[in-house]
Amino acid sequence: MDKLLIDGGVALKGSVLIDGAKNAALPALAASLLAEDREVLLQNVPSVVDIRTMCRLLGVMGATVEAEGTSIRILPGDLTSLEAPYDLVRTMRASILTLGPMLARYGYAKVSSPGGCAIGERPIDLHLAGLKAMGARIDLHEGYIEGRADRLVGAEIYLDTPSVTGTENLLMAATLAEGNTIIENAAMEPEISDLAALLKAMGASIEGEGTERIEIKGTTRLVGATHRIIPDRIETATYAAVAAISQGDILIEGTDKEMLSSVIRKMTAAGTSITPEGSGFRVSSTGRLRGVDVTTAPYPGFPTDVQAQFMAMMALAQGTSVIREMVFENRFMHVAELRRMGADIRTEGASAVVRGVPSLEGAPVMATDLRASASLVVAGLAARGRTTISRIYHLDRGYSRLEEKLSRLGARVRRVKS
Ligand code: EPZ
């Protein structure tokens with residue numbers, strides 16, 4: 001298993017180009033299963049492990065998937081298997097996104113039920129309840145969800161929680177349902193609007209994406225289309241945290257500041273300077289950051305996927321900050337590792353009280369999930385001495401060419417095989 005070695009303490013400078021969003025490309029790949037004719041061509045797709053897993057899953061189902069650079073082409077044609085096997089689903093929960101499209105297009109789907117996850121229980125009851133409301137019969141059998149429906153029927157669905165992949169699954173399913181579907185309390189993340197843009201290009205009729213009420217007029221047939229994936233706002237926020245904590249100056253390019261207003265507000269309050277520039281914005285920081293409180297929430301609130309990276313910044317800030325994690329019930333796995341580096345953090349339930357310390361010290365630490373591992377990279381870049389991060393396969397799931405991008409900014413970082 002690879003490890004990352006970071007010799008910290010360098011103010012990082014230069015520019016970094018952001019990749020397409022993993023969490024937009026995953027549902028887009030699943031949506032390709034809806035196309036009856038003409039290929040789906042996705043551009044600006046990040047080269048990360050989760051994308052490769054989704055492509056393998058589509059391949060196992062019988063789809064022809066061709067990757068070239070940052071483009072992926074999915075050729076139309078009937079699937080030969082309507083099953084998402086345990087071996088793939090257990091490595092990536094987002095495989096559940098194939099359930100809605102398969103059920104809508106083929107009237108049948110068998111998807112391994114995603115198990116537990118490091119950051120929380122993560123049930124999929126809202127996905128299943130929504131599909132049942134559209135007339136699907138859903139059975140759980142030997143760890144697999146089996147869905148059947150002659151043809152899905154439009155329905156009014158209220159989501160108790162604005163689940164991101166829940167909204168995406170039901171949105172995709174509703175495009176081929178008979179009649180109209182309304183999703184209330186829908187998730188409003190930019191990735192939802194990006195998926196809707198692809199589905200519309202494929203011939204779907206959708207209104208209200210990006211708001212809490214989405215209306216879909218079902219149709220009988222969708223075809224392939226070409227679509228460019230939006231930039232990755234979480235990768236963007238991660239590099240902004242790198243600039244802030246290292247007292248650096250980084251131009252983040254190929255991104256969209258508008259998708260990150262809650263994060264930018266908090267970073268500015270912490271004393272980071274953020275100025276629009278070119279196809280992105282510049283992040284610079286001189287002097288010690290200030291402690292700022294943060295509470296995570298569904299979009300447009302502060303993203304839970306940035307909580308850990310922001311906590312690493314607050315570990316070195318002047319004063320105390322309270323970080324409340326309100327989306328997932330177990331997303332403080334990075335706290336114990338940051339403490340190993342000398343951070344002063346106490347957790348109580350959904351809250352973490354971070355007392356800023358003047359410096360962190362490099363240490364051997366362990367990655368536990370994707371964003372927790374990103375926070376260890378952020379902390380390691382500012383720490384004195386060497387940080388060794390193990391289990392970095394977590395990082396590879398969602399960050400592409402991380403060492404290369406960081407080295408270009410002046411970081412002393414390298415991957416070692418162990
Ligand atoms: C998506 O996960 C993202 N993943 C996550 O990013 C992200 O953290 C999360 O949204 C929140 O923003 C992808 O898009 C592939 P949810 P998702 O359903 O859809 C509860 C990353 O780091 N819930 O919005 O699985 C759930 O338990 C990953 O890139 C139900 O109770 O998250 C949680 O508490 C990690 N029942 C809350 O809703 C359901 O049926 C939000 O989860 C569904 C969800």
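For clarity, every value in this text was computed on a predicted model and none was experimentally measured. Both ligands and their constituent atoms are indexed starting at 1 by order of listing.
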Practice item. Looking only at protein heavy atoms, identify the closest one to atom 34 (O) of ligand 1 and say how far it is in Å. Key: V327 O, 2.6 Å
Donor-acceptor list for residues 365-382 side chains, cut-off 3.5 Å, not counting sequence neighbours:
{"residue": "D369", "atom": "OD1", "partner": "R371", "partner atom": "N", "Å": "3.3"}
{"residue": "D369", "atom": "OD1", "partner": "A372", "partner atom": "N", "Å": "3.1"}
{"residue": "R371", "atom": "NH1", "partner": "Y399", "partner atom": "OH", "Å": "3.0"}
{"residue": "S373", "atom": "OG", "partner": "D369", "partner atom": "O", "Å": "2.8"}
{"residue": "S373", "atom": "OG", "partner": "L370", "partner atom": "O", "Å": "2.6"}
{"residue": "S375", "atom": "OG", "partner": "A372", "partner atom": "O", "Å": "2.8"}

Exercise for review: Could you point out which residue of L195, V164, D194 forms a side-chain contact (heavy atoms from CB on, under 4.5 Å) with E189?
Suggested key: V164
Practice item. Identify, by atom number and element, the atoms of ligand 1 in contact range of I124, meaning under 4.0 Å from any of its heavy atoms. Key: 39 (C), 40 (O)
Practice item. Give the residue, atom name and distance (to 0.1 Å) of the protein heavy atom nearest atom 36 (N) of ligand 1. Key: D125 OD1, 2.7 Å
Practice item. Record the part of E191 in heavy-atom contact with ligand 1 below 4.0 Å; permitted values are side chain, backbone, both and neither. Key: neither
Review point. Does E212 reach the side chain of M188, with side-chain heavy atoms less than 4.5 Å apart?
Key: yes
Exercise for review: Scan side-chain atoms only and decide if S15 and R408 contain a donor-acceptor pair under the 3.5 Å cut-off.
Suggested key: no
Exercise for review: Note the single closest protein heavy atom to atom 20 (C) of ligand 1, along with its residue, its atom name and the distance in Å.
Suggested key: T161 CG2, 4.3 Å
Revision key, fill the gap. closest protein heavy atom to atom 4 (N) of ligand 1 is N23 ND2, 3.8 Å
Practice item. Answer with side chain, backbone, both or neither: which part of T165 has a heavy atom less than 4.0 angstrom from an atom of ligand 1? Key: both
Check your understanding: Atom CD1 in I145, atom NZ in K110: separation rounded to 0.5 Å?
Key -> 11.5 Å
Practice item. Examine L126 against ligand 1 and note whether any of their N/O atoms are separated by less than 3.5 Å. Key: yes
**Study point:** Of the listed options R397, R371, H394, closest to atom 22 (O) of ligand 1 (non-hydrogen atoms)
**Key:** R371
Point to revise | Within-cut-off N or O pair, S163 and ligand 1, under 3.5 Å | key: yes
Study note, to complete from the structure: closest protein heavy atom to atom 24 (O) of ligand 1 is V164 N, 2.8 Å
Point to revise | Identity and separation of the nearest protein heavy atom to atom 8 (O) of ligand 1 | key: D305 OD1, 2.6 Å
Point to revise | For E337, all residues meeting side-chain hydrogen bond (donor to acceptor under 3.5 Å, both in side chains), sequence neighbours excluded | key: none
Point to revise | Heavy-atom nearest neighbour in the protein, as seen from atom 31 (O) of ligand 1, with distance rounded to 0.1 Å | key: P123 CG, 3.5 Å
Exercise for review: Report yes if some N/O of R93 lies less than 3.5 Å from some N/O of ligand 1; otherwise report no.
Suggested key: no
**Study point:** Side chains of R415 and L4 in contact at under 4.5 Å (non-hydrogen atoms)
**Key:** yes
Review point. What is the minimum heavy-atom distance between R339 and T347, and which atoms define it?
Key: NH2-N, 4.2 Å
Exercise for review: Could you tell me whether the side chain of M54 reaches within less than 4.5 Å of the side chain of K22, counting heavy atoms only?
Suggested key: no
Study note, to complete from the structure: Per-atom filter on ligand 1: closer than 4.0 angstrom to a heavy atom of T304 are 8 (O), 11 (C), 12 (O)
Study note, to complete from the structure: Heavy atoms of A177 and G154 approach each other most closely as CB-N, 3.9 Å
Revision key, fill the gap. The closest protein heavy-atom partner of atom 25 (O) of ligand 1 is R122 NH2, 2.9 Å
Point to revise | Contact partition for R331 relative to ligand 1, non-hydrogen atoms under 4.0 Å | key: side chain
Check your understanding: Between G166 and ligand 1, does any nitrogen or oxygen pair lie at a separation below 3.5 Å?
Key -> no
Point to revise | For H127, atoms of ligand 1 separated by under 4.0 Å from a heavy atom | key: 40 (O)
Revision key, fill the gap. The residue among V283, I250, I252 that forms side-chain contact (heavy atoms from CB on, under 4.5 Å) with V242 is I250
Study note, to complete from the structure: For K22, the ligand 1 atoms with a heavy-atom partner under 4.0 Å come out as 21 (C), 29 (O)
Check your understanding: Judged by modelled atom types alone, do T296 and E325 share a side-chain donor-acceptor pair under 3.5 Å?
Key -> yes
